[in-house]
Amino acid sequence: MRKLKYALGLCFTFALTVSNAQNKEVVIEPVKITDNIYMLKGQGGNIGLFVGEDGAFMIDDQFAKLTPKILKAIKGITDKPVKYLINTHWHGDHTGGNENMSKEGAVIISHDNVRKRMSVESVVRGRKRPASPESALPVITFSKDMMVHFNGEDVLISHVHNAHTDGDAHIYFTSSNVLHMGDTYFQGKFPYIDLTSGGSINGYIAAIDKALIISNDDTVIIPGHRGLSNKKELLGYKEMLVTLKNRVQKAIDSGSSLEEVKNDTSITKEYAEKYGKWFITAEGIRETIYKSLTNQ
């Protein structure tokens, strides 16, 4: 019994040490885009930061444990407080710091469905997520589009329907020509389309089309994950998704089952190596598209 307790103690200590080490290793890296717009990379979704005389405007906030590091990084850019925080959607790697930022005085904005989903217990990728506390919920919500006039810029917050989730928003800085797409764009990766949260392949492609309409060759695009992008890359990303969707639809029309599509590597043959090296594999995206197109 003593040996068992000792072994369990060692396992707990090791797990705690690894967890603490991983937290310490996270570095919040500011990437300057314009004189007053930055992308902050860390652990979770890319943060957008817009600074000026009126204060700071923040897009997403990663995980709660990272808030001190994020605030320190912001202090290195501006001494102004974060007045507004927009959530691009409800997932925890984009909203985990909401409660902390609310305590810092930030007014949180989101689409209606973000607040609704955060308000109740949910399941994401098979894991239960408890309802968020009231202090973490957005206090200003919108159903379609809205404008924020801040730091001398007109900022368009635009809802895109049933894409990554049912509450996605694009944030476009109209004068600076910078667009934050949240997780409606996973630069260099197959997208995670959360079907249980209202996401769909058709909506995802439509969201990219909406982004392409307002973009030009000079637009700087902040994706939900990885590095800065542009219209040319986004066009290629859309082409990949349309190709995969059409191939899966063809397989469905010919009577292929879900298992047959999951095992059909020819559908993703030229894209698997480039886009499939993370938790959404080539098989995973084939399965997602099949389920989306057949409403499973």
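Predicted model only: the values in this text are computed from it and were never measured.
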Which residues satisfy the side-chain contact (heavy atoms from CB on, under 4.5 Å) test with [X], sequence neighbours excluded?
| X | result |
| --- | --- |
| Asn246 | Val242 |
| Leu258 | Lys262, Glu287, Tyr290, Lys291, Gln296 |
| Lys80 | Glu53, Thr78 |

Heavy-atom count around [X] [atom1] within 6.0 Å, excluding the residue itself: above 12?
| X | atom1 | answer |
| --- | --- | --- |
| Tyr84 | OH | no |
| Asp253 | CG | yes |
| Glu239 | CD | no |

No-hydrogen, no-angle side-chain donor-acceptor test under 3.5 Å, [X] and [Y]:
| X | Y | value |
| --- | --- | --- |
| His111 | His89 | no |
| Asp264 | Ser266 | yes |
| His161 | Asp166 | no |
| Asn87 | Thr95 | no |
| Asp112 | Ser143 | no |
| Ser197 | Trp90 | yes |
| Ser135 | Glu99 | yes |

Determine all donor-acceptor pairs shorter than 3.5 Å in which one atom belongs to a side chain in residues 175-182; sequence neighbours excluded.
residue, atom, partner, partner atom, Å
Ser176, OG, Glu153, OE1, 2.8
Ser176, OG, Glu153, OE2, 3.4
Asn177, OD1, Tyr172, OH, 2.8
Asn177, OD1, Thr219, OG1, 2.8
Asn177, ND2, Asn216, OD1, 3.0
Asn177, ND2, Thr219, OG1, 3.3
His180, ND1, Gly182, N, 3.1
His180, NE2, Asn46, O, 3.0

Whether Tyr192 and His164 hold their rings parallel, tilted or perpendicular, with breakpoints at 30° and 60°: perpendicular
Give the table of side-chain donor-acceptor pairs shorter than 3.5 Å for residues 55-64, with sequence neighbours excluded, one pair per line with atom names and distance.
residue, atom, partner, partner atom, Å
Asp60, OD1, Thr88, N, 2.9
Asp60, OD1, Thr88, OG1, 3.4
Asp60, OD2, Thr88, OG1, 2.7
Asp60, OD2, His94, ND1, 2.8
Asp61, OD1, Gly96, N, 3.4
Asp61, OD1, Gly97, N, 3.0
Asp61, OD2, Asn98, N, 3.0
Gln62, OE1, Gln43, N, 3.1
Gln62, NE2, Gly45, O, 2.9

Side chain to side chain donor-acceptor pair (under 3.5 Å) against Glu29, all qualifying residues, sequence neighbours excluded: none
